[in-house]
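Data block below; observations after.
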Amino acid sequence: MRSEGRLRSPFLLFRSVRACAAQARDPLRSRRGPRAARTGLRAAALVLTICIGLTAWSGPCGAQATDTLAGTRHIAAAGAIDLALSRIERGQPKQPGSAEWEQWEALRWELLAGRGRDAELLARVKAYREYADRAASSVLRRAARAAIRLGDYGEARGLLARLFVRAELRGEDYRDARLGVIETYAAERNADAAYHAMLRFQQDFAPLRQEEAERFVAALVELERINDAAQWLSQVDPSSPWAAILRLRAGLLKADAAIAQARAALAKSAGDNPGAWALLAAGGQAQGSSSIAIEVAEQRLNAATAAGALPDRNHPGAALWRRYSEAAQAAANRAHLLSGDDAQWLAQASRMAAAEPQLARALLAHLALKAGAAQTRAEAQLKLLGSMRDAKLVAAAVRLFDDGERFPIDALDSRVRLELGKAALEARQPLFAVRLWRDLPPSAESLAQWQLRQISALVQAGKNDDALAMVARIGQAQPALAPELQRRAIELAVAAMASTPALARALFSLVLPVAAGAERVQVLTGLAQLAEADADFRTAADAYLQAATLSPAQESDRAALAARAAAAANLVRAGLRADARALYQWLVQHAKDAAIKEAAAQALKSL
């Protein structure tokens, strides 16, 4: 069994009293004066005394509590969602069906939804359909929302249909579920079904709220059902972009004015306004502007959460590729470029980059797909990727290139694979980065540096076994990591401690033989915390004490004093009370931090 040692660790809880202790030593910085500072010192000492006292009281047996459901809920409430999910993996009964299993599962679904891990959530809902039907309505609503985000609209409607037969689904929840059905039809571009569902909704819930009328108008405008959308114009905010689109289509608003209104709304919302983007697209269409059409398509692809959420279901980047192709041909004709003269197309893209970046990207996109020479295609792909990165369109670039038909990974230049993998990590698409980097040799980086970069991608993609295997290969091939690689390995280990302790331990162990100074202290502290969480209190005490004794100013270094106190507490839990007493006595005699000294004295009394 695993303990909750990481949560009770005195080393970590010492940090919570530092501010009070610092204020006590410098009362001039306290806004409430020396008396408040002295009170802060007493409070800090009391908190620390309680912490160490509780740790000592718990003993070796009390510390080995299992991952309880209540404790996991507390961890989740504190914001440590990944840690809570890892505790669910350990603590949930293996056989479904019991009340306790269902309580764990409900918490799992809630956390998966909160973390945005929609695919996992939906997979478990499908696997445990019987439980899902017994669970609270909120579970099915979360699952339906996850299915919508994933573009699995049929599954979303199935989940919503199961909701409608539940007696407890009333009021706002029922209304929201009905709107969810309409959303799925609109996303599938099933205009007739969406429109008929809207009419039924209006019949059942008249009068519509303004935000509901705007949702209907927005969906119908995107579906090119302008006449149907117009019936709700009177219920839409007159200043809304959707109202402006209807007026534009009716000839009551000029294209220039529509574009200006859209630009103003986008500037005010920092670009986060779907209605303003739709108005900009409508204004650009009225003007016949290829640049605006590309700009909107790029932004929509950049903001998309799933392929199914986009108008073109063939591939998330299909709409943008179409815009690029149309604009590239028009721009090439204006510049009198000859088909097949790739060098001139590339030169024209460079000339247009500053003044007309969207059209320049269109030319690059044409070359990225159709240039005659592999070298030219690679150059165009790198330039296109760089231009989109400069325009803060990294997610769009990744979705554009994550297309096995247009860009088989094996056919991509190694430079493109490297840069695209970096972009994929930025866009939180680690699985794509892993696929891009598989079997890719390092370029300007050392082998170990390249492997550490790959470990980061593997961890983010959840491929922990592959990451562990790569750590082992680094240890075999290069046992003495350079200082900058040591720091990178430590960063990866710290990030992996909560969710992947085995990987964190492997990385710390890789660095330990060669680490020195602050890096060695950090490695030892990490190993101590991992051992403490595994209820290996002797190992934890050993590592904490090593970290403490590395400080050149052991009597005044707060971190070193805290590590020594943590070592003492773990010795108590390991049953080595004589050793613990010696460490506490040293703290009482030598520590120059009053709070730590007082807490150690109180701990001695309990031994």
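Residue indices begin at 1 and follow the sequence shown.
Environment of CG in Asp272: sparse, with no more than 12 heavy atoms of neighbouring residues, nucleotides or ligands closer than 6.0 Å. In the displayed structure, Glu211 atom CD is contacted under 6.0 Å by more than 12 heavy atoms of other residues, nucleotides or ligands. The environment of CG in Asp237 is crowded: more than 12 heavy-atom neighbours from other residues, nucleotides or ligands sit within 6.0 Å.
Here the closest non-hydrogen pair linking Leu253 and Leu248 is O-CD1, 3.1 Å. In terms of heavy-atom proximity, Leu111 sits nearest to Ala76 at CD2-CB, 3.7 Å. The two residues Ala327 and Ala362 come nearest to each other via the heavy atoms CB-CB, 4.0 Å. Residues Ala194 and Ala186 approach most closely at CB-N, 4.0 Å, considering heavy atoms. Taking every heavy atom of both residues into account, Ala255 and Gly283 meet most closely at CB-O, 3.9 Å. For the residue pair Gly180 and Ile148, the shortest heavy atom distance occurs at O-CD1, 4.1 Å.
Between the side chain of Ser325 and the backbone N or O of Arg322, no donor-acceptor pair lies under 3.5 Å. Within the 3.5 Å criterion, the main-chain N or O of Leu440 finds a donor-acceptor partner in the side chain of Trp450. No side-chain donor-acceptor contact under 3.5 Å links Asp342 to the backbone of Leu367. For Gln381 (side chain) and Ala368 (main-chain N/O), a donor-acceptor pair under 3.5 Å exists by modelled atom type. Arg488 contributes no side-chain N or O that, together with a main-chain N or O of Leu452, makes up a donor-acceptor pair within less than 3.5 Å.
Side-chain contact between Phe407 and Arg417 is absent, with no heavy atoms from C-beta onward closer than 4.5 Å. Contact check for Asp192 versus Arg225: side-chain heavy atoms found under the 4.5 Å cut-off. Using a 4.5 Å heavy-atom cutoff, the side chains of Val416 and Arg377 are not in contact. Inter-residue side-chain proximity for Glu298 and Tyr324 is flagged as met; some heavy-atom pair is nearer than 4.5 Å. Between Leu150 and Glu155 the shortest side-chain heavy-atom distance does not fall below 4.5 Å. Residues Leu346 and Leu364 meet the side-chain proximity criterion, which asks for heavy atoms closer than 4.5 Å. Between Trp321 and Leu369, some side-chain heavy-atom pair lies under the 4.5 Å cut-off. Asp228 places none of its side-chain heavy atoms less than 4.5 Å from the side chain of Met198.
In this structure, the separation between OG on Ser291 and CZ on Arg323 is 12.0 Å, given to the nearest 0.5 Å. The CG atom of Leu233 sits 11.0 Å away from atom CD1 of Ile226, with the distance rounded to the nearest 0.5 Å. The CD1 atom of Ile455 sits 12.5 Å away from the CZ atom of Arg453 when rounded to the nearest 0.5 Å. Note that the CZ atom of Arg263 and the CG atom of Leu279 stand 10.5 Å from one another [nearest 0.5 Å]. We find the CD-CG distance between Gln299 and Asn273 to be 12.0 Å, quoted to the nearest 0.5 Å. Atom CG in Leu507 sits 11.5 Å away from atom CE in Met497 (nearest 0.5 Å).
Among Arg389, His366, Arg361, the single residue meeting the side chain to side chain contact (heavy atoms under 4.5 Å, CB included) criterion with Leu384 is Arg361. The side-chain hydrogen bond (donor to acceptor under 3.5 Å, both in side chains) test with Glu212 is passed by exactly one of Gln235, Arg175, Gln202: Arg175.
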Quiz item: Can you check side chain to side chain contact (heavy atoms under 4.5 Å, CB included) on Arg334 and Leu359, steps first, answer last?
Solution: CA-CA 12 Å; Arg334 286 195 301 273; Leu359 296 182; 3.6 Å; yes
Exercise. Decide yes or no on side chain to side chain contact (heavy atoms under 4.5 Å, CB included) for Tyr185 and Ile182, but give the supporting numbers first.
Key: CA-CA 5 Å; Tyr185 285 131; Ile182 295 170; 5.7 Å; no
Self-check item: Worked check of side chain to side chain contact (heavy atoms under 4.5 Å, CB included) between Asp152 and Lys126
Solution: CA-CA 12 Å; Asp152 193 348; Lys126 291 179 179 180; 3.4 Å; yes
Practice problem: Would you sort out whether Arg108 and Glu120 count as a salt bridge (charged side-chain N to carboxylate O under 4.0 Å, His left out), showing the intermediate values? | Solution: CA-CA 10 Å; Arg108 182 199 294 268; Glu120 293 177 60; over 6 Å; no
Self-check item: side chain to side chain contact (heavy atoms under 4.5 Å, CB included) evaluation trace for Leu458 with Trp437
Solution: CA-CA 10 Å; Leu458 288 166; Trp437 289 348; over 6 Å; no
Self-check item: Gln348/Arg351 under side chain to side chain donor-acceptor pair (under 3.5 Å): CA gap, chis, key distance, verdict
Solution: CA-CA 5 Å; Gln348 181 66 14; Arg351 287 191 291 268; 2.7 Å; yes
Quiz item: Is there a salt bridge (charged side-chain N to carboxylate O under 4.0 Å, His left out) between Asp173 and Arg141 once you walk through the steps?
Solution: CA-CA 9 Å; Asp173 291 339; Arg141 289 203 307 277; 3.4 Å; yes
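Applying the side chain to side chain donor-acceptor pair (under 3.5 Å) criterion to Asp390, with sequence neighbours excluded, gives no partner residue. Residues meeting the ring pair (Phe, Tyr, Trp, His ring centres under 6.0 Å) test with Phe216, sequence neighbours left out: Phe201, Trp232.
Side-chain contact of Gln460 with Ser456: a donor-acceptor pair under 3.5 Å is present, judged by distance alone. Counted by atom type alone, Tyr174 and Arg178 present one or more donor-acceptor pairs between their side chains at under 3.5 Å. The closest side-chain donor-acceptor pair between Asp413 and Gln375, if any, does not fall under 3.5 angstrom.
With salt bridges taken as basic N to acidic carboxylate O contacts below 4.0 Å, none links Glu222 and Arg189.
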